[in-house]
Number of protein chains: 2
Amino acid sequence: MANIKDIAKLAGVSISTVSYALNGSSKVTAVTAARIKAIAKELHYVPNAAARNLKRQETKIIGVFLTNFSGSFYGDLLQGIKEGLNQSGYDLIVCSSKQSHRLLPQRMIDGAIILDETFSSEELLEYANQGHKVVVMDRDLDHKNINQVHLDNKAGATLAMEHLIELGHRKLYVVTGTIGSFDSRQRIQAVKQTVGRNPDMQYIEIAGDFTKSAGVLAGKQITQEYSGPAAVFCLNDEMAIGIYEYLLTTNIRIGVDIHLIGFDNIEVAQYTQPRLATIDYSKRKWGVLASEQLLKLIAGIEVEPEHIYVTLIKGKSMGAVPIIN
Amino acid sequence: MANIKDIAKLAGVSISTVSYALNGSSKVTAVTAARIKAIAKELHYVPNAAARNLKRQETKIIGVFLTNFSGSFYGDLLQGIKEGLNQSGYDLIVCSSKQSHRLLPQRMIDGAIILDETFSSEELLEYANQGHKVVVMDRDLDHKNINQVHLDNKAGATLAMEHLIELGHRKLYVVTGTIGSFDSRQRIQAVKQTVGRNPDMQYIEIAGDFTKSAGVLAGKQITQEYSGPAAVFCLNDEMAIGIYEYLLTTNIRIGVDIHLIGFDNIEVAQYTQPRLATIDYSKRKWGVLASEQLLKLIAGIEVEPEHIYVTLIKGKSMGAVPIIN
DNA sequence: TTGTAAGCGTTATCAG
DNA sequence: CTGATAACGCTTACAA
């Protein structure tokens, strides 16, 4: 592990000259700079990040925090974030687990992008109070060191609701997300608004938690109570897949007896048969926007909270109710 | 951003006393320690990682490097790695991109787990030569600072081959992975061995790259050449899904006309209809093992390279060839 | 153009 | 039990 001292000794110059040479300062002759660089290369010199970070008071690393690594959900999102950051010379690291929260307050990263329920909002506000920069994608937080980029949940849920109402559905199950989840709450709120405008609708809420197994459970419950066509709005695709999978084991037909619509348009959604109706949005763009917001926050540029637009994807999993005369 | 100096000033003690107190040394009275801790908490003191890393010459962070973030492939694997590491007080960060390679030589991480084709083996060997600790999961590298944990590719490919031969198949397509991929090469080798033992087999290789779109292309080619039942062994599930998806748009029936088997048992494999036959293994265990190997490497404990065992998962995508008399 | 030296925030050795 | 002080490796005024 060579350091600038070693190089200085070998080159017969002082460490500051080495530092200047390696950082391309014009304060040093082209010849000595070349000589120093040659020696550095030969010694396989790599600057020590800890020392440099300590001096510069920044790491040029941004952390993205996820509740977990599973689910095909995050691929494009992370890709988007990475693109945004790399362009500006920042590196991206992805973290998941309570103990890695420390990376932010300990200043191992210059900022954080949060999509992680294991952070409490109090915790985030405290970090923000200490001057740490944060972008949240999964909650609503007002602080000068926090920016937010949200999905347009209200629009998405409303699109889904209007679609199924248009298809004639009047009996509706809604499988909710984790209690306390921002996205879940916003979606439920929009659902209730739409239901409120359609007084002839029967509305049944099933508590879920965004996981596939919650979907399976919901599927069981719905099957047991089955008494004619019903629409099921799962607040994410993962749970819709759970229901789908469960219904395959019964003789209830999806898109005929039970009608399904999800949210997120995850990859598997297109492989189900019939195709899962769902709400789509650009996960990549969501990520790009989040990274941009964080970089602006770090640079001290003020920004407005932003929204990601959503669209309806129709699928045979959500069919029309036959009109009964 | 309070530091120990601030605390020392407020507590009326020296910085070394503060350091001892905060690190729970017995060299300091319980009362002063308590007083110092109280002040630290009040100031929201958090030790600066850069300074600590610089002094300690370690970061207690391990980096996992992936070629990309997409694909539902990595969830369980990362979960396994994380569990292994967290137990030993290490944090996990996940990286992807050429520029983040720097984290290893710059000593921002104490070691790396590689599942990333963007690292050349030469690059890894150079890091190893500099004393950096690495575990590789995607290649074969012999160095005292590198450990390896591989899938039993040979066994997996052989299982797949024996299965399809047993079902009567004599015409075989193999869709390969990325050229130069260790897993792909090992699997092809096993395939060729089995083919060699069955001289009546017709063997056609289609170059792929482990992506779904490569599968779609392969599907097209196979369809064009179609002249009776054939088995297709895709060297990963992702490509098998590509073929599956393409065949759905044709009137060729999977498991009847074209018989498919993949490798990995990714999540979507169970949603295809008919179910995709594939080779399964515990991705979580693979991760746990990799983290254990890395920690041992760091601790200076010698270990043997390890293998992950694989099993065959049958599926209706791979049916029997009707016996023609 | 190059060298000296201070400082980033910790930890740890050595005196007191 | 507590306090100076050096050291970790680097950057950067300031001096020569």
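In what follows, chains carry the letters A, B, and so on, assigned in the order in which the sequence lines appear, proteins first and then strands, with residues in each chain numbered from 1. Not measured: the values here are computed from a predicted model.
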Around atom CD1 of B:I179, are there more than 12 heavy atoms from other residues, nucleotides or ligands closer than 6.0 Å?
no
Does D:dG9 have OP1 or OP2 under 4.0 Å away from a side-chain N or O of B:Q106?
no
If you pin B:V46 and B:Y20 to their nearest nucleotides in DNA chain C, which one's is more 5'?
B:V46
DNA chain D: 5'-proximal contact among B:S14 and A:I15 (nearest heavy atom):
B:S14
Is A:S19 close enough to D:dT11 that one of its side-chain N or O atoms is under 4.0 Å from OP1 or OP2 there?
yes
Kindly indicate whether a cation-pi arrangement holds for B:K41 with B:Y45, taking the cut-offs as under 6.0 Å to the six-membered ring centre and within 45° of the axis.
no
Using whole Å, what does the distance between atom P of nucleotide D:dC8 and atom CE of A:M1 come to?
15 Å
Atom pair distance, as rounded to whole Å: CG in B:N53 and C1' in D:dC8:
11 Å
Separation of C:dT11 P from B:I36 CD1 (nearest whole Å):
13 Å
Can you tell me if A:R52 touches the phosphate of D:dT11, counting only side-chain N or O atoms and a distance under 4.0 Å to OP1 or OP2?
yes
Write down the distance between CZ (B:R56) and P (C:dT13), rounded to a whole number of angstrom.
13 Å
Rounded to whole Å, please give me the gap between CD1 in B:I4 and C1' in D:dA4.
13 Å
Just checking B:K285: does its NZ atom have more than 12 heavy atoms from other residues, nucleotides or ligands closer to it than 6.0 angstrom?
no
Less than 4.0 angstrom between a side-chain N/O of A:N48 and OP1 or OP2 of D:dG9, yes or no?
no
Between NE2 on residue A:H150 and CG on residue A:L289, distance to nearest 0.5 Å
11.5 Å
Are A:D183 and A:S181 linked by a side-chain donor-acceptor pair shorter than 3.5 Å?
no
Describe the nucleic acid contact of A:V31 in one word from base, sugar-phosphate, nothing, applying a heavy-atom distance below 4.0 Å.
nothing
Please report the distance, rounded to the nearest Å, between CG in B:L54 and P in D:dA6.
17 Å
Starting at the 5' end of DNA chain D, which residue's closest nucleotide do you reach first, B:T32 or A:A2?
B:T32
Are A:T29 and C:dT2 close enough that a side-chain N or O sits under 4.0 Å from OP1 or OP2?
yes
May I ask you to evaluate whether B:S16 reaches the phosphate of C:dT11, defined as a side-chain N or O under 4.0 Å from OP1 or OP2?
no
Measure the distance from NZ on A:K5 to P on C:dG3 and round it to the nearest whole Å.
16 Å
Think B:N23 has a side-chain N or O under 4.0 angstrom from the OP1 or OP2 of C:dT11?
yes
Check whether the side chain of B:K55 and the base of C:dA12 form a donor-acceptor pair under 3.5 Å.
no
Does B:Y45 have a side-chain nitrogen or oxygen under 4.0 Å from the phosphate oxygens OP1 or OP2 of C:dT10?
yes
Distance test, side-chain N/O of B:Q57 to OP1/OP2 of C:dT11, below 4.0 Å
no
Here the pair of heavy atoms bringing A:N145 nearest to A:H143 is N-ND1, 2.9 Å
Between A:T17 and C:dT2, is there a contact of a side-chain N or O with OP1 or OP2 at under 4.0 Å?
no
C:dT2 C1' sits how many Å from A:L22 CG, rounded?
15 Å
